[in-house]
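Comments concern the structure below.
The structure displayed is predicted, hence computed values, not measured ones.
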Amino acid sequence: MTAFTVVLVLVVAAAGFLRWRRPAWYWLAFGVTLAAMRVLVRYRSVMDACGLTVPPARWRLALARAANRPIPEPSPPRIRRLRPTRTGLVLRLKLRPGQDAFDIAAASDRLRHSFSMFGVTSREVRSGVVEVRMTGYDVLKRVQMPAETETRPMRVPVALREDGAVHYRDYRAIPHALTLGATESGKSVYQRNLVAGLAPMDVALVGIDCKQGVELFPLARRFSALADSPDTAAELLDALVARMADVYRLIRTQQRITVDVPDAEIAADIWDLPDELRPTPVVVLVDEVAELALYATKEEERRRDRIITALVRLAQLGRAAGIYLEICGQRFGSELGKGITMLRAQLTGRTAHRLNDETSANMAFGDIAPDAVLAATQIPAELRGLAIAGDASGGWHRIRAPHTSLRQAVNLCNRYADRTPDLPELAPFRPTTGTATELVPSAKASPATA
């Protein structure tokens with residue numbers, strides 16, 4: 001056996017082992033080159049088989065007949081760029097006249113099979129240009145977030161999408177969101193990732209956890225206000241509504257509507273104000289919304305109406321005042337009472353983990369993306385953390401958050417406790433914490449979500 005044969009056998013064995021145990025390493029070492037060659041070699045025949053070609057122009061046919069030459073073949077979309085990524089390939093295509101971006105989307109499954117890729121998704125970048133993202137392996141099986149993400153104020157990387165891109169929670173683009181998930185579905189881990197991402201930012205965190213605070217109170221050092229019962233939650237929400245009114249009065253006095261002020265500098269929300277006058281933005285996390293909507297007596301019913309009314313007001317008017325809602329729950333349906341569907345209509349972002357009933361899935365996606373309802377009800381129980389994320393635009397995709405233990409989230413909140421703003425109107429609800437404790441070393445995070 002020659003040395004070349006020995007080296008070849010070792011390389012093949014190493015590739016097989018990496019593909020089995022470390023698919024990300026295999027992709028970077030071998031897969032990306034093989035996949036790029038496979039796409040370029042098979043491209044024309046695959047596009048023709050998938051019906052993504054157009055017949056030649058008439059002038060080309062006439063020219064071929066006049067010159068007694070072979071008839072030109074149908075033309076596929078032109079490849080403008082082929083870019084490898086850490087999880088797959090990105091193919092940018094220029095469509096031919098008569099083709100539509102929907103044609104590429106409809107053929108995604110056939111393209112996945114023909115190019116031997118794990119997944120294929122597409123989106124229209126601009127008129128006539130489509131970006132096809134292909135993943136070489138199951139990126140959601142072992143979630144590994146990239147080392148560098150595009151972070152900016154009020155934009156938090158919280159999960160990985162099925163196409164290999166990072167899923168961000170952008171509060172300035174989507175101010176309010178609804179997150180649903182049954183017990184042991186990964187909803188709490190998703191919430192921890194949100195808190196961990198917001199902790200280093202200049203933002204006030206407000207929590208409502210009616211499970212006696214077992215989820216959010218361990219993170220109390222980074223929260224400006226916390227409520228652990230419906231009674232306290234009602235008072236806290238009233239304080240937030242009062243803060244919203246004060247912020248609007250500030251914006252009104254600082255609008256600077258004069259002839260010599262450019263239109264772009266006229267203040268309409270807190271982000272148009274000067275830095276020294278801008279109020280601190282507030283993110284309100286409601287851990288279990290159903291506990292706020294349930295009642296058994298007339299007094300509890302009045303409290304429930306007060307809470308839901310305050311939430312609806314914050315959802316309708318809070319964006320410009322820098323108040324953002326993150327509503328979480330195991331169950332969300334119209335049987336929770338009046339005002340619930342009105343509240344849902346204001347929650348632009350929707351995320352659904354594994355659900356126990358189709359009604360909650362319909363409440364999450366039925367009004368924006370009906371085809372996502374079926375995907376949300378098909379999440380297997382063993383894939384904790386897998387979720388369907390969508391928004392009011394109708395688009396949706398599968399995501400999975402990396403596992404963040406409670407100890408890791410507590411350490412982050414303790415590390416950035418000095419960034420916790422002290423808001424006077426929320427001072428009665430400031431959680432009482434002991435002296436700062438030393439960070440406890442936590443086990444290395446498992447890449448799979450628990």
Side-chain angles (χ1 to χ4, degrees), residues 22-24 86-88 118-119 121 135 137-147 149 156-170 174 177-199 209 211 214-216 218-219 285-289 326-332 349-357 360-361 364-365 369 372-391 396-412 442-450:
R22 293 290 186 269
R86 57 184 291 272
T87 59
F118 183 83
T121 58
T135 51
Y137 58 96
D138 187 0
V139 298
L140 300 184
K141 183 178 180 180
R142 187 181 177 90
V143 179
Q144 292 179 327
M145 298 289 284
T149 55
V156 183
V158 291
L160 197 64
R161 294 191 339 197
E162 61 180 339
D163 60 1
V166 177
H167 177 70
Y168 293 92
R169 178 70 178 92
D170 192 341
I174 301 177
L178 173 66
T179 303
L180 300 177
T183 303
E184 294 296 320
S185 65
K187 176 171 56 67
S188 297
V189 174
Y190 179 85
Q191 192 177 56
R192 287 177 206 155
N193 277 276
L194 275 177
V195 175
L198 290 169
D209 182 4
K211 293 187 294 187
V214 296
E215 290 287 349
L216 296 181
L219 315 174
L285 294 102
V286 180
D287 183 64
E288 186 52 69
V289 67
E326 198 73 41
I327 306 295
C328 302
Q330 300 180 30
R331 179 79 173 84
F332 198 84
R350 311 285 175 83
T351 302
H353 297 75
R354 178 178 53 81
L355 298 170
N356 290 330
D357 62 302
S360 294
F365 299 113
V373 174
L374 181 62
T377 56
Q378 291 180 338
I379 298 176
E382 61 271 13
L383 289 180
R384 289 181 291 179
L386 187 65
I388 307 298
D391 54 54
W396 62 274
H397 42 261
R398 292 179 179 84
I399 65 170
R400 197 178 189 190
H403 179 68
T404 299
S405 67
L406 184 58
R407 168 50 60 190
Q408 290 173 311
V410 169
N411 284 349
L412 275 172
S442 57
K444 186 177 179 181
S446 172
T449 300

Considering only heavy atoms from C-beta outward, does the side chain of [X] approach that of [Y] to under 4.5 Å?
| X | Y | answer |
| --- | --- | --- |
| M145 | V166 | yes |
| L178 | T351 | no |
| L219 | V410 | yes |

Short question: side chain of [X], backbone of [Y] - any donor-acceptor pair under 3.5 Å?
| X | Y | result |
| --- | --- | --- |
| N193 | P402 | yes |
| R331 | L355 | no |
| Q378 | A375 | no |
| R350 | A364 | yes |
| R192 | T404 | yes |
| R169 | I174 | yes |
| D209 | E215 | yes |

Taking R354 first and then E184, would you say they form a salt bridge - that is, a charged N and a carboxylate O separated by under 4.0 Å?
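No.
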What distance separates [X] [atom1] from [Y] [atom2], expressed to the nearest 0.5 Å?
| X | Y | atom1 | atom2 | value |
| --- | --- | --- | --- | --- |
| T121 | R398 | OG1 | CZ | 11.5 Å |
| T183 | R384 | OG1 | CZ | 12.0 Å |
| T149 | Y168 | OG1 | OH | 5.0 Å |
| L216 | S188 | CG | OG | 9.0 Å |
| N356 | T377 | CG | OG1 | 11.5 Å |
| C328 | L285 | SG | CG | 6.5 Å |

Search all heavy atoms of [X] against all heavy atoms of [Y] and return the closest pair with its distance.
| X | Y | value |
| --- | --- | --- |
| A372 | I388 | CB-CG2, 4.1 Å |
| V286 | Q191 | O-NE2, 4.3 Å |
| F365 | G390 | CE2-N, 3.9 Å |
| T179 | K187 | O-CD, 4.0 Å |
| L412 | A199 | O-CB, 4.4 Å |
| V158 | L194 | CG1-CD2, 3.5 Å |

Can L160 and R400 be said to form a side chain to side chain contact (heavy atoms under 4.5 Å, CB included), step by step?
CA-CA 6 Å; L160 197 64; R400 197 178 189 190; 5.9 Å; no
Determine whether E162 and I399 satisfy the following criterion, side chain to side chain contact (heavy atoms under 4.5 Å, CB included), listing intermediate values before the conclusion.
CA-CA 6 Å; E162 61 180 339; I399 65 170; over 6 Å; no
For Y190, what residues pass the ring pair (Phe, Tyr, Trp, His ring centres under 6.0 Å) criterion, not counting sequence neighbours?
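Y190 satisfies ring pair (Phe, Tyr, Trp, His ring centres under 6.0 Å) with H353 once adjacent residues are dropped.
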Starting from the C-alpha separation in whole Å, work towards a yes-or-no answer on side chain to side chain contact (heavy atoms under 4.5 Å, CB included) for R86 and Q144.
CA-CA 10 Å; R86 57 184 291 272; Q144 292 179 327; 4.0 Å; yes
